[in-house]
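Worksheet: one structure, shown below.
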Amino acid sequence: MSTAEPTQKTRKAKTNKFVLILEQFLERYNLSAESSPEQLSEHAPELNALLPDWKARKCVKEALARGTEKRSAFSKEQKEALVPDQRNMIYSVRKRAQEVTKSEDKWDIFINTLDLGPKGSKDGVIDDKEMVASSSNQSRFRKYLAEYGADRELIDRYAKDSKTTTASNKIQQERTEKRLANPGRTPEHFTFEKVHRRLQNIDTSKIPSMQDLADVIVMLSMRPAEVSSLQIINYKPDSEDPPAWYKAGYSWYCTGCRKQRDKPMPMRLLSMEKDPERARELLTWIQDAIKAGKLRDPVYTETGKRNNVPFAKFIKSLKTNQDEDEITPELLRKIGAKHASMVHAGPNPTPQHLDNLSEIALRHKINRLDAGKNYALGDPKSKKEPKSEPETGDGPNPQTQASSPASQSRNNDPKKSQTMDMDSMLAEIAMLAEIRK
DNA sequence: GTTAGTCTGTCAGGGGCCGG
DNA sequence: CCGGCCCCTGACAGACTAAC
């Protein structure tokens, strides 16, 4: 009998073990393409129990759709009935909010809030992770409730769990402090010199690459999601009545910042690229390419949904040293702030001065002095003995902005006037830093 | 294999509150 | 006023899953 057997006809050799399980399963329960969806769905849980993960389910789904010699292919409905979409099974926060809003029952709000709260899943012990996550999900629950139209007052009354919130806040504060204690280093690939060189060599007549995108993000300390919306403008007040956001002596601003949804207030521009015109050119170059579909937005898909996986993967791949931390899109913003503040600070900047510059580069509000510290990345170069400077009363601060004339060795350029704007900015910052002390 | 969409855990930081 | 502290939301990264 060892004859013929022309088995290697096609790629049916791939008899995955899950496919075998499926065929046995179908046989045992006498299921086929003739079965109704109702019949099939009765057996869904049992079959699902045999399939350990989504890969297995994928194999099975494909097999169902494909059919065999003995068995014809299942329709889409039948397939869905037998191996239902797992994503519909999750009782997500969003789904809760939707249902609860519909029921209009305050107790439903309350119960679900508690259910989303910390439960001590294992041994009744609530760890930090669970606590913080619980608080986050409760917050999310409130947000979705409001989104679906639940009553504001009910939300505030029945969807707030102050114990959990407080505990979560405490944990997060501790984490922040720990993080600040040991900041990461600047990745080799994004040191100032490397980024600066790449930026200078950019040819805007070409199509931008992901690397160009990354460098521009660094250059402008952007949030990844800001790439398509940020704009650099030049503003000069033409009257004695400038808008409230106008800062005397500054003419370059950014608009389209992500976090200001209500009042889009322009924020001062501070970039490691000292020529604002060039910065703007590079930014619009990137944006035009995205609009034209030649370059992906780092965060959004064409349908407006979030998907930063391709860009994040690219950024991650740029890690050169084993001992470096992972590079993420968000890290580029912090790196950019550091580069910008270093570039614009004078030869002997005080930490306060750098913080001030950082805040401007990051386009924060200037309320919180300590905010910029979050971004103080460790840098071997600037790390030095903490000379306990008498930083208080030292009035005679030499003009820190001495930076302007040198470093300007850019080829050509009649654009000096623009950089003068930057320089006057620096002067003001330096003064502010002094006054604050 | 690659891409897209959704969910959760985590971080950043705007804003409110309160004592001085 | 104002600076510090706390709350809580919005944005991010990664895990998952299905679709292509």
Side-chain angles (χ1 to χ4, degrees), chain A residues 51 53-62 65 76 79-80 83-97 116 118 127-147 155-156 159-180 221-226 257-263 265 267 296-313 315-316 325-334 337 358-359 362-375 436:
Chain A
L51 307 174
D53 59 11
W54 68 272
K55 280 180 217 158
R57 277 193 295 279
K58 180 182 179 178
C59 292
V60 166
K61 286 186 178 191
E62 285 168 356
K76 199 167 182 187
K79 194 179 66 175
E80 177 61 27
V83 191
D85 190 327
Q86 293 292 288
R87 290 177 298 192
N88 298 330
M89 321 249 44
I90 302 168
Y91 192 35
S92 65
V93 176
R94 179 174 287 284
K95 218 177 286 178
R96 287 169 190 264
L116 289 169
D127 60 11
D128 288 1
K129 174 174 165 168
E130 184 184 2
M131 190 59 86
V132 176
S134 294
S135 178
S136 174
N137 281 330
Q138 288 175 336
S139 170
R140 214 168 249 136
F141 186 51
R142 288 192 293 273
K143 180 188 160 186
Y144 294 152
L145 284 174
E147 207 174 281
I155 295 174
D156 285 341
K160 289 204 175 183
D161 177 352
S162 59
K163 266 209 167 69
T164 302
T165 302
T166 305
S168 168
N169 287 339
K170 185 155 165 282
I171 292 163
Q172 295 194 71
Q173 189 182 340
E174 288 163 4
R175 284 179 178 174
T176 300
E177 277 162 20
K178 203 174 286 180
R179 242 192 335 276
L180 290 181
S221 300
M222 296 164 97
R223 295 184 175 90
E226 278 174 347
C257 308
R258 188 86 187 155
K259 281 228 165 183
Q260 314 155 257
R261 350 183 251 305
D262 333 322
K263 291 288 172 185
M265 183 177 92
M267 306 293 280
R296 288 183 57 120
D297 185 286
V299 175
Y300 296 105
T301 66
E302 279 165 28
T303 56
K305 303 287 184 183
R306 296 186 64 93
N307 180 13
N308 73 339
V309 172
F311 186 64
K313 267 191 180 160
I315 294 299
K316 215 168 170 175
D325 289 339
E326 295 292 326
I327 315 178
T328 64
E330 180 65 9
L331 184 62
L332 301 181
R333 168 170 161 83
K334 306 183 182 184
S358 271
E359 287 190 8
L362 293 163
R363 298 177 288 280
H364 280 165
K365 277 184 66 174
I366 310 293
N367 286 344
R368 297 159 43 91
L369 268 188
D370 60 321
K373 291 197 178 69
N374 280 349
Y375 294 94
R436 286 238 160 93

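Here is how names work: the chains are called A, B, and so on, in the same order as the sequence lines, proteins then strands, and each is numbered from 1.
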Please report, rounded to the nearest Å, how far the P atom of B:dG13 is from the CD atom of A:Glu330. 7 Å

What about A:Arg223: does its side chain form a donor-acceptor pair under 3.5 Å with the base of C:dG10? no

Give the rounded distance in Å between these two atoms: CD of A:Gln173 and C1' of C:dG4. 11 Å

Given C:dC8, B:dA12, B:dT8, the nucleotide with the shortest approach to the side chain of A:Asn169: C:dC8

Measure CD/A:Glu326 against C1'/C:dG14 and give the value in whole Å, please. 12 Å

Taking only N and O in the side chain of A:Arg140, is any of them less than 4.0 Å away from OP1 or OP2 of C:dT9? no

Answer yes or no: does atom NZ of A:Lys305 have more than 12 heavy-atom neighbours from other residues, nucleotides or ligands under 6.0 Å? no

Between A:Thr328 and A:Asp85, name the one whose nearest nucleotide on DNA chain C is closer to the 5' end. A:Thr328

Restricting to side-chain contact (heavy atoms from CB on, under 4.5 Å), what partner residues turn up for A:Asn307, sequence neighbours left out? A:Arg296, A:Thr301, A:Val309, A:Pro310

Length of the CG-P vector between A:Asn308 and C:dA11, whole Å: 14 Å

Phosphate-side-chain proximity, A:Ser135 and C:dC8, N/O vs OP1/OP2 below 4.0 Å: no

Ignoring backbone atoms, establish whether A:Arg179 has a side-chain N or O less than 4.0 Å from OP1 or OP2 of B:dA12. yes

Candidate pair A:Glu174 and A:Lys170, rule salt bridge (charged side-chain N to carboxylate O under 4.0 Å, His left out), full reasoning: CA-CA 6 Å; A:Glu174 288 163 4; A:Lys170 185 155 165 282; 3.7 Å; yes

Whole-Å gap separating C1' (C:dC12) and NZ (A:Lys334): 10 Å

What nucleotide among C:dA18, B:dG5, B:dA12 has an atom nearest to a side-chain atom of A:Lys305? B:dG5

What is the nucleic acid contact for A:Pro310, judged by heavy atoms within less than 4.0 Å: base, sugar-phosphate only, or nothing? nothing

Without swapping roles, check the side chain of A:Thr176 against the backbone of A:Gln172 for a donor-acceptor pair under 3.5 Å. yes

Identify whether any heavy atom of A:Ser168 sits under 4.0 Å from a base atom; if not, whether one sits that close to sugar-phosphate; answer base, sugar-phosphate or nothing. nothing

By nearest atom, which of the nucleotides C:dT17, B:dG14, B:dC11 is closest to the A:Arg57 side chain? C:dT17

Categorize A:Thr303 for me: base, sugar-phosphate, or nothing, with a 4.0 angstrom heavy-atom threshold over every strand shown. sugar-phosphate

With sugar-phosphate meaning primed atoms plus P, OP1 and OP2, does A:Lys313 contact a base, only sugar-phosphate, or nothing at under 4.0 Å between heavy atoms? nothing

Length of the line joining A:Ile315:CD1 and C:dA13:P, which is rounded to integer Å: 10 Å

A:Asn307 side chain near B:dG5 phosphate (N/O to OP1/OP2, under 4.0 Å): no

Rounding to an integer number of Å, can you tell me how far A:Ile171 CD1 sits from B:dG9 P? 13 Å

Need one value for A:Ser139: base, sugar-phosphate or nothing, where a base atom within 4.0 Å counts as base even if backbone is also close, heavy atoms only. base

Within the structure shown, what part of the strands sits under 4.0 Å from A:Val299 by heavy-atom distance: base, sugar-phosphate, or nothing? nothing

Is the distance from OP1 or OP2 of B:dT6 to the nearest side-chain N or O of A:Lys95 less than 4.0 Å? no

Quick check: any donor-acceptor pair below 3.5 Å linking the side-chain of A:Ser136 to the base of B:dT10? yes

Answer yes or no: does a side-chain N or O of A:Lys170 lie under 4.0 Å from OP1 or OP2 of C:dC6? no

Please check if the side chain of A:Glu80 supplies one atom and the backbone of A:Asp85 the other of a donor-acceptor pair under 3.5 Å. yes

Interatomic distance where CZ belongs to A:Arg296 and P belongs to B:dT2 [whole Å]: 13 Å

Pick the closest DNA chain C nucleotide for A:Glu226 and for A:Thr165 by heavy atoms, then say which residue is nearer the 5' end. A:Thr165

Looking at A:Arg333, does any N or O in its side chain come under 4.0 Å of the phosphate oxygens OP1/OP2 on B:dG13? yes

Would you confirm whether A:Ser139, through its side chain, and A:Ser135, through its main-chain N or O, come within 3.5 Å as a donor-acceptor pair? no

Looking at A:Lys334 and A:Glu330, is any side-chain nitrogen of the basic one under 4.0 Å from a carboxylate oxygen of the acidic one? no

If you assign A:Asp128 and A:Arg306 each to the DNA chain B nucleotide with the nearest heavy atom, which residue ends up on the more 5' nucleotide? A:Arg306

Side-chain atoms of A:Asn137 come closest, of B:dG9, C:dT9, C:dA13, to B:dG9

Of the nucleotides C:dC8, B:dA12, B:dG9, which one has an atom closest to the side chain of A:Lys129? B:dG9

Please pick, from C:dT17, C:dC8, B:dT8, the nucleotide with the shortest atom-to-atom distance to any side-chain atom of A:Ser92. B:dT8

